[in-house]
Amino acid sequence: METVLIIVGSIAMLIGLAGSILPILPGPPICYLGLLIQQWRADPPYSTHFLIAWAVIAVGVSVLDYVVPMYGTKRFGGSKYGMWGCTVGLVVGIFFSPAGIVLGPFIGAFVGELISRNDSSHALRAAFGSFLGFLLGTLLKFVACVMMIWYFVAPFFDW
């Protein structure tokens, strides 16, 4: 039974790592599921505090992945129209995965800023902020998944 749990947990970790890069999969929650599966083993490797902390991190990083592109839009001079455009672009982009999730916030922020100010250079700058926010969110998810994989593998080698 332990072997099955290790295999299923390993598969969850690999899918979670892929999900940290592919926007269609929720990477950190799937990696966290891999940690939880290991708790069913005869000798559970993690404490309750550890699992609670990683649950908070997985949820927090997943939420930040949606918030950071809007913040990037605002930080690069975007208005409320640009932030709303970024949000709408992200939601619409989900239906055109994976390219839609990458380009949706960028295009949405650009269109929102064009509606607001009708200045394409300013709109492009705000859209670039949205794209940087998307990249930062992806990086956060990837780092969180790599850390969970580290904690998944470490008990097998007594690190």
Side-chain angles (χ1 to χ4, degrees), residues 1-76 78 82-110 126-159:
M1 184 63 173
E2 294 234 354
T3 305
V4 172
L5 292 174
I6 291 169
I7 290 170
V8 172
S10 298
I11 291 170
M13 288 291 169
L14 292 175
I15 292 171
L17 184 63
S20 71
I21 297 168
L22 300 172
I24 201 164
L25 297 171
I30 293 174
C31 274
Y32 181 73
L33 179 64
L35 292 176
L36 283 179
I37 289 170
Q38 296 311 298
Q39 287 300 99
W40 294 339
R41 292 178 26 208
D43 185 24
Y46 313 114
S47 70
T48 303
H49 293 314
F50 176 87
L51 290 173
I52 291 171
W54 275 105
V56 169
I57 290 169
V59 169
V61 167
S62 296
V63 169
L64 280 175
D65 187 43
Y66 292 102
V67 173
V68 171
M70 291 182 287
Y71 176 75
T73 303
K74 178 86 170 162
R75 182 83 174 138
F76 277 72
M83 288 176 40
W84 277 105
C86 180
T87 304
V88 170
L90 181 64
V91 171
V92 171
I94 289 172
F95 298 106
F96 299 98
S97 294
I101 294 178
V102 174
L103 295 175
F106 180 84
I107 293 169
F110 183 76
F128 181 70
S130 169
F131 184 68
L132 284 180
F134 170 78
L135 289 179
L136 179 61
T138 301
L139 178 66
L140 287 172
K141 289 190 308 183
F142 183 76
V143 168
C145 286
V146 167
M147 291 300 300
M148 283 188 264
I149 290 170
W150 170 263
Y151 285 116
F152 179 86
V153 173
F156 298 112
F157 297 102
D158 292 326
W159 290 337

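Basis for what follows: all heavy atoms, side chains included, without hydrogens, waters or symmetry-related copies.
- When every heavy atom of V8 is checked against every heavy atom of I37, the shortest pair comes out as CG1-CD1, 3.6 Å.
- Aromatic ring orientation, F152 versus F156: perpendicular (interplanar angle above 60°, classes split at 30° and 60°).
- Taking both residues in full, the closest heavy atoms of L17 and C31 are given as N-SG, 3.8 Å, listed atom of the first, atom of the second, then distance.
- The two residues A58 and Y32 have their closest heavy-atom pair at CB-CB, 4.2 Å.
- Here the side chains of F131 and L135 are in contact, with some heavy-atom distance below 4.5 Å.
- Nearest heavy atoms, L35 versus L51: CB-CD2, 4.3 Å.
- Taking F96 as the reference, V92 meet the side-chain contact (heavy atoms from CB on, under 4.5 Å) condition, with sequence neighbours excluded.
- Here the side chains of I21 and K141 are not in contact, with every heavy-atom distance at 4.5 Å or above.
- Heavy atoms of other residues, nucleotides or ligands lying less than 6.0 angstrom from CZ of R41 number more than 12.
- Taking CD1 of I57 as the reference point, atom CE of M148 lies at 7.5 Å (rounded to 0.5 Å).
- Considering CD1 of I30 and OG of S62, their distance stands at 9.5 Å, rounded to 0.5 Å.
- For the side-chain contact (heavy atoms from CB on, under 4.5 Å) with V143, the lone residue among L139, V146, L140 that qualifies is L139.
- Closest non-hydrogen pair, G100 versus P105, comes out as O-CD, 4.1 Å.
- Counting heavy-atom neighbours within 6.0 Å of Y46 OH, excluding the residue itself, gives a total above 12.
- Within the 4.5 Å cutoff, the side chain of W40 has no heavy atoms near those of the M1 side chain.
- For the residue pair P45 and Q38, the shortest heavy atom distance occurs at CD-O, 3.4 Å.
- Within a 6.0 Å radius of OH in Y71, no more than 12 heavy atoms belonging to other residues, nucleotides or ligands are found.
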